[in-house]
K.L.:
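First the structure, which I've put down as structure tokens, then a few questions once you've had a look.
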2 protein chains.
Amino acid sequence: MLLEVPEPIRKQVEKKGGMKGIILTLPDKSSIENEALMHKVLSNPLRIRILNLVSKQSLCVCLIKQAIDISDSKLSYHLSILEEAGLIVGTKKQNWIIYEVTHFGKEHAL
Amino acid sequence: MLLEVPEPIRKQVEKKGGMKGIILTLPDKSSIENEALMHKVLSNPLRIRILNLVSKQSLCVCLIKQAIDISDSKLSYHLSILEEAGLIVGTKKQNWIIYEVTHFGKEHAL
DNA sequence: TTGTTATTTCAAAAAAAATTGAAACAGGTG
DNA sequence: CACCTGTTTCAATTTTTTTTGAAATAACAA
């Protein structure tokens with residue numbers, strides 16, 4: 001039996017070109033995957049906090065650590081995820097690495 | 001020794017009221033957690049696809065399933081996460097449950 | 001050289017999220 | 001009643017993410 005569906009829905013769907021027509025209007029796989037990826041990066045409270053902090057003020061890891069109060073390796077892990085996503089970037093200055101928000105990151109912070 | 005930091009950073013931080021001053025301007029814990037939670041919900045491609053689909057057209061589970069092509073229980077699992085987040089809502093009509101996007105969900109879809 | 005600071009990397013363990021398949025349930029129909 | 005259909009729930013498993021602590025690295029200072 002060919003998939004029964006509620007009548008009003010059937011009609012609405014028909015008007016939009018059937019399920020195929022509707023499906024055609026959806027974003028394609030890779031743009032959905034990119035969107036999901038960005039949400040994944042921002043799905044952790046620590047990372048949001050770090051991104052917010054760094055977008056208020058570029059900081060060395062040691063000052064970020066002081067503000068966020070987590071272990072070095074944990075901080076480094078989250079910084080690397082933010083950096084890989086292109087939201088922040090770290091550059092070596094003398095003894096320190098200064099992380100700052102990128103243009104792209106600014107759109108997402110706050 | 002009291003935490004050495006790069007001199008230019010130290011000065012910029014000083015101008016903003018020190019680390020304490022900067023930290024005070026950050027969103028509070030619970031609003032950050034809420035934000036993270038919403039990103040977590042949208043961090044899965046299947047869920048984004050379902051949300052997009054349902055916001056084009058309210059649909060019964062059986063038609064969503066046809067469009068997305070995953071198992072019943074998997075679909076149900078993701079629907080429940082979207083619903084719990086307030087992005088979609090399912091209401092029983094006769095034999096079927098019709099899911100539709102909420103006002104809140106519309107802001108996030110696409 | 002030895003030591004020290006700032007930061008990352010790595011492997012192991014722990015925690016969280018997603019998938020699976022079977023079972024349950026509710027509302028109809030024969 | 002026995003049987004579908006549409007959908008959810010549950011427990012077990014798998015996969016992914018996060019946390020931990022130790023070790024590595026790089027640069028510089030004694």
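Lettering follows sequence order; numbering is per chain, from 1. All values below were derived from every heavy atom in this structure, side-chain atoms included, with hydrogens, water molecules and symmetry-related copies excluded.
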K.L.:
Can you pull out every salt bridge (Lys or Arg N to Asp or Glu O under 4.0 Å) where at least one residue sits in residues 58-76 of chain A? Sequence neighbours excluded, please.
P.N.:
A/Lys65-A/Asp72
K.L.:
Do A/Asp28 and A/Ser31 get their side chains close enough for a donor-acceptor pair, meaning under 3.5 Å?
P.N.:
yes
K.L.:
A/Lys93 NZ to C/dA6 C1': how many Å, rounded?
P.N.:
16 Å
K.L.:
In whole angstroms, how far is the P atom of C/dT8 from the CD1 atom of A/Ile70?
P.N.:
12 Å
K.L.:
Output the rounded distance in Å from CD (A/Gln94) to C1' (C/dT5).
P.N.:
14 Å
K.L.:
Holding to side-chain hydrogen bond (donor to acceptor under 3.5 Å, both in side chains), I want the full list of residues that pass it with B/Lys16, two or more places apart in sequence or in another chain.
P.N.:
A/Gln57
K.L.:
Could you tell me whether A/Lys11 and A/Glu14 make a salt bridge, using a distance below 4.0 angstrom between a side-chain N and a carboxylate O?
P.N.:
no
K.L.:
Is the shortest side-chain N/O distance from A/His78 to OP1 or OP2 of D/dT19 below 4.0 Å?
P.N.:
yes
K.L.:
CG of B/Asp69 versus P of C/dT20: gap in Å, rounded?
P.N.:
12 Å
K.L.:
Starting from C1' on D/dT25, measure out to CH2 on A/Trp96 and report it in whole angstrom.
P.N.:
17 Å
K.L.:
Would you kindly give the CG-to-P distance between A/Leu82 and D/dT18, to the nearest whole Å?
P.N.:
11 Å
K.L.:
Using a cut-off of 4.0 Å between protein heavy atoms and nucleotide atoms, how would you tag nucleotides 8-17 of chain D 5' to 3' with B, S and -?
P.N.:
BB-------S
K.L.:
Can you check the B/Ile68 CD1 to C/dA18 C1' distance for me, whole Å?
P.N.:
16 Å
K.L.:
Nearest whole angstrom, please: distance from the P of D/dT18 to the CD of A/Glu84.
P.N.:
12 Å
K.L.:
Return the minimal non-hydrogen interatomic distance between A/Asn52 and B/Pro27, and the atom names on each side.
P.N.:
OD1-CG, 3.3 Å
K.L.:
For a quick test of reading the model, state the closest non-hydrogen atom pair linking B/Trp96 to B/Cys62 and the distance between them.
P.N.:
CD1-SG, 3.9 Å
